[in-house]
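Comments concern the structure below.
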There are 4 protein chains.
Amino acid sequence: MKGQPAPELNIVQWFNTTTPLDLKSLRGKVVVLHTFQMLCPGCVQHGLPQTQKISRLFAAQDVVVIGIHTVFEHHAAMSPVSLEAFIHEYGLRFPIGVDRAGEGHAIPQTMAAYKLRGTPSLVLIDRQGIIRHHSIGAEDDMQIGAEIALLLAEKNSGQEAAQ
Amino acid sequence: MKGQPAPELNIVQWFNTTTPLDLKSLRGKVVVLHTFQMLCPGCVQHGLPQTQKISRLFAAQDVVVIGIHTVFEHHAAMSPVSLEAFIHEYGLRFPIGVDRAGEGHAIPQTMAAYKLRGTPSLVLIDRQGIIRHHSIGAEDDMQIGAEIALLLAEKNSGQEAAQ
Amino acid sequence: MKGQPAPELNIVQWFNTTTPLDLKSLRGKVVVLHTFQMLCPGCVQHGLPQTQKISRLFAAQDVVVIGIHTVFEHHAAMSPVSLEAFIHEYGLRFPIGVDRAGEGHAIPQTMAAYKLRGTPSLVLIDRQGIIRHHSIGAEDDMQIGAEIALLLAEKNSGQEAAQ
Amino acid sequence: MKGQPAPELNIVQWFNTTTPLDLKSLRGKVVVLHTFQMLCPGCVQHGLPQTQKISRLFAAQDVVVIGIHTVFEHHAAMSPVSLEAFIHEYGLRFPIGVDRAGEGHAIPQTMAAYKLRGTPSLVLIDRQGIIRHHSIGAEDDMQIGAEIALLLAEKNSGQEAAQ
């Protein structure tokens, strides 16, 4: 998916935001998508703390951090009711959307559109809405900090056109 | 509760054991009770991995490790259906019982009988069924290893009587 | 020192490089200076592993990582003979220079020129030779990765002039 | 060496104790010997912090913790002058002896007597002066805590004789 336009999110319910988020209206900003499942140990131990750290570190800059709960197994065990308590107990502060269930299969729709193979996954989207990073598993803090900073350093072509 | 006889467990459902456990039939062994909630970060990050380690380290000896899911908040979020997936995803192998809900209050019955104030909690019960350690929060591995070993080193008075 | 030109290094002996390094000839590159003492626990546990990671992560880019052994206490205990064994045992691969002893005081000369107050310290120097980061103590990996990346993203004014 | 009487220590210089230690006068106590080199990363990162923890945890009991600096490589780099600064900087509080250099070979004499193959190594000696644990490399906190506790729980045969 690297180099391709980021598909729009398909979310049934949001936490930690009063207004639903969509990628189109975030054009011009760097978007960090972290997809997870609340009962995935790698997400709890590494992915979510790292995402929380990204959201704090780049809070004052043009970075929007979004978590997506992409449940593809144990669906009954990870309902939005359980997710809400999970978000509260782990003190997650960034916006988190519940991915829309797949029709006739276990993989939810945003996860399928992004061709993600599991959790945790990380997707970085540049100011033009293009996917620049697309990975599964643990990511190194220093590497991710550098990648986000480089995307931030890229000029916003929309702004350039306006100048 | 230290120095007092350990109250019997009050469990509605067991995982990781084909037969229900009760303390009376474990007399003569050292019992390690770890009480937790599946959405309690301190349990997931520290208490449960430590309990798993205890169960591996003392597997060949007279030690019985028991987890008890003492849900006292977010009850709908931590149902047995969610717990079962949690146990599977985190690879927990020791017997885990679901504490019986309290009647008219949030605290479940075994948790109340042991006067536990939250999760994670750790209770060590000696070969005679007496509570010897009763604490809440993170415990040090070396300290707990030493305490369990000292309880193991105590003679079983029942065996002594038989000799 | 932030915003000021980086003083030249004053080094009596180099390890891990066949030719001495000087900042003037590194103009156009981003320079990461890590100052340490081999018997400083914070350096061994955090600063040096982080510096090693920086040198690996940015190896293919315009980043030069330099360690400087700025001994300001226990001078007899941290001689170059001991440092050489330390570098070998810890597998450090980036160039490391021994700071020139101060004349009549404990603080060595490069450390004094940079007004560093202790170890570990981290200095980031941009492509123009200007100090952009100047700190003592533990630094966060994600933050440092982002700062180095932003310095890399800055155009080299020399190159601009040539275009 | 397990099951054999512990050879006497052969120490040229002590730190953190005003009187030299010898095993014979420690009979009746459990002795924890940790052998290390100050430039051995595994000692610094794991072995010495664990030994420090043992000395704190069992401080009020019949446990004597002794560190031995068994230099078998980089001898010039790890002189007693360097060791003294190392002990100070890392805040080590337990008695540490410098092993006597070997005659005509690199291995020092206590290390040779105990047939130790490197650092870090851990030796546990029971109340009768018998070696009960003899290992090289990282040891698990819980396992070591349990082993020391079991040695503590063993009666002192000298005391038994007196009863």
Side-chain angles (χ1 to χ4, degrees), chain A residues 12-16 34-53 55-56 67 69-94 96 98-99 101 106-108 111 117-121 136-138, chain B residues 12-16 34-53 55-56 67 69-94 96 98-99 101 106-108 111 117-121 136-138:
Chain A
V12 293
Q13 184 176 353
W14 285 97
F15 295 97
N16 290 339
H34 176 63
T35 73
F36 71 101
Q37 294 181 106
M38 58 173 280
L39 296 184
C40 147
C43 303
V44 170
Q45 287 154 8
H46 189 81
L48 287 164
Q50 183 177 69
T51 304
Q52 185 93 311
K53 191 178 203 174
S55 74
R56 275 197 304 263
H69 197 226
T70 55
V71 180
F72 60 90
E73 58 187 348
H74 308 301
H75 293 78
M78 295 189 271
S79 67
V81 165
S82 291
L83 177 62
E84 184 169 22
F86 174 85
I87 292 170
H88 178 265
E89 288 302 311
Y90 279 85
L92 304 177
R93 297 274 181 271
F94 50 86
I96 292 174
V98 176
D99 199 0
I107 309 292
M111 182 177 175
R117 293 178 296 117
T119 54
S121 284
I136 186 170
Chain B
V12 292
Q13 184 176 353
W14 284 96
F15 295 98
N16 290 338
H34 176 63
T35 73
F36 71 101
Q37 294 182 106
M38 57 173 281
L39 296 183
C40 147
C43 303
V44 170
Q45 286 153 9
H46 189 81
L48 287 164
Q50 183 178 68
T51 304
Q52 185 93 312
K53 191 178 202 173
S55 74
R56 275 197 305 263
H69 197 225
T70 56
V71 180
F72 60 90
E73 58 187 346
H74 309 299
H75 293 78
M78 296 190 271
S79 67
V81 166
S82 291
L83 177 62
E84 183 168 23
F86 175 84
I87 291 170
H88 178 265
E89 288 302 311
Y90 280 85
L92 304 177
R93 297 273 181 271
F94 50 87
I96 292 175
V98 177
D99 198 0
I107 309 293
M111 181 177 175
R117 293 177 296 116
T119 54
S121 284
I136 186 169

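Naming: A, B, ... by sequence-line order, numbering from 1 per chain.
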Any idea which donor-acceptor pairs are under 3.5 Å between chain A and chain B?
from, atom 1, to, atom 2, distance (Å)
A:His74, NE2, B:Glu89, OE2, 2.8
A:Ala77, O, B:Ser82, OG, 2.7
A:Ser82, OG, B:Ala77, O, 2.7
A:Glu89, OE2, B:His74, NE2, 2.8

Item checked: Options A:Pro80, A:Ala85, A:Pro41, ranked by heavy-atom pairs under 4.5 Å with chain B, top entry ->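 With the most close heavy-atom pairs to chain B, the winner is A:Pro41.
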Next item on the list: Mind checking the CG-CG spacing from A:Leu39 to B:Leu39? Nearest 0.5 Å is all I need.
Entry: 7.5 Å
